[in-house]
Amino acid sequence: QVVFALNQTLLQQESLRAGSFQIPYTTEDLIKHYNCGDLSSIIFNHDTSQVPNFINATLLAHERVTAQEIDSYFRQELIYKRNERMGRRVKDLLEEYPDKSFFFAFGAGHFMGNNTVIDVLRREGYEVEHTPAGQTI
């Protein structure tokens, strides 16, 4: 699986360099949607943009199975479990110090797709509110 993932990553990078493959959104698009709180935008219709996408139509059947296994593993280990840990840390601090005020800042990756830090906190019963860019807190 590691060799397959490495080969697919290199193929994608070569395609990007050759101009035969383009990312469907720019960094400016990501910033705009993040600042607007529009994290359910079409840009984020896949669970996350941080996990490489190895699944494509050119794969053979056995390669497609490998790609799906890797995709599932990355999402579970690199995204979902990380967000669960971050959400639990926030919850633990809020419960340990109920009379204190907190400001938490996370990278955009913690808010993309499904099973975000916000989802974790909402499941725990917390109300989470978006503060638009430029708004005084």
Side-chain angles (χ1 to χ4, degrees):
Q1 287 182 345
V2 172
V3 171
F4 174 84
L6 180 57
N7 284 334
Q8 291 300 309
T9 301
L10 291 173
L11 286 171
Q12 285 180 6
Q13 292 302 311
E14 288 170 358
S15 295
L16 278 170
R17 281 187 177 187
S20 59
F21 174 73
Q22 289 187 337
I23 296 174
Y25 49 83
T26 66
T27 301
E28 288 77 22
D29 292 332
L30 292 174
I31 293 168
K32 178 183 137 206
H33 288 281
Y34 179 76
N35 283 338
C36 292
D38 185 16
L39 299 179
S40 62
S41 164
I42 191 77
I43 287 177
F44 303 113
N45 68 348
H46 201 266
D47 274 334
T48 180
S49 64
Q50 292 184 328
V51 175
N53 185 15
F54 298 127
I55 302 169
N56 64 60
T58 64
L59 297 176
L60 301 173
H62 72 281
E63 291 175 329
R64 187 175 301 268
V65 169
T66 300
Q68 288 169 336
E69 289 171 353
I70 293 170
D71 183 74
S72 176
Y73 174 80
F74 277 164
R75 284 182 203 302
Q76 189 62 40
E77 295 299 319
L78 299 179
I79 305 300
Y80 302 150
K81 285 185 179 180
R82 176 192 67 171
N83 286 342
E84 285 289 332
R85 282 191 307 273
M86 297 299 287
R88 275 196 316 272
R89 289 177 184 161
V90 168
K91 176 184 166 284
D92 290 347
L93 281 169
L94 294 172
E95 289 177 356
E96 186 175 350
Y97 304 100
D99 297 331
K100 298 262 183 193
S101 294
F102 291 92
F103 173 82
F104 298 101
F106 298 96
H110 292 283
F111 302 106
M112 290 189 226
N114 300 316
N115 300 307
T116 67
V117 170
I118 292 171
D119 295 331
V120 171
L121 292 169
R122 286 183 174 149
R123 280 195 307 266
E124 293 292 333
Y126 289 92
E127 183 178 323
V128 180
E129 201 174 293
H130 171 70
T131 304
Q135 180 178 329
T136 304
I137 298 177

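All residue numbers refer to positions in the sequence shown, counting from 1.
- Of all heavy-atom pairs spanning V120 and R88, the tightest one is CG1-N, 4.4 Å.
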Quiz: residues 92-108 side-chain donor-acceptor pairs under 3.5 angstrom, not counting sequence neighbours:
unit_1: E95; atom_1: OE1; unit_2: K91; atom_2: NZ; d: 3.4
unit_1: E95; atom_1: OE2; unit_2: K91; atom_2: NZ; d: 3.3

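- Every residue two or more places apart in sequence or in another chain that forms a side chain to side chain contact (heavy atoms under 4.5 Å, CB included) with E63 is listed here: F4, L59, L60.
- Partners of E129 according to the side chain to side chain contact (heavy atoms under 4.5 Å, CB included) rule, which considers only residues two or more places apart in sequence or in another chain, are E127.
- Judged purely by atom type and a 3.5 angstrom limit, N83 uses its side chain to pair as donor or acceptor with the backbone of N115.
- One hydrophobic cluster, built from ILVMFWY side chains closer than 4.5 Å, cannot hold both Y73 and V65; they sit in different ones.
- Considering CG of L10 and CG of N7, their distance stands at 6.5 Å, rounded to 0.5 Å.
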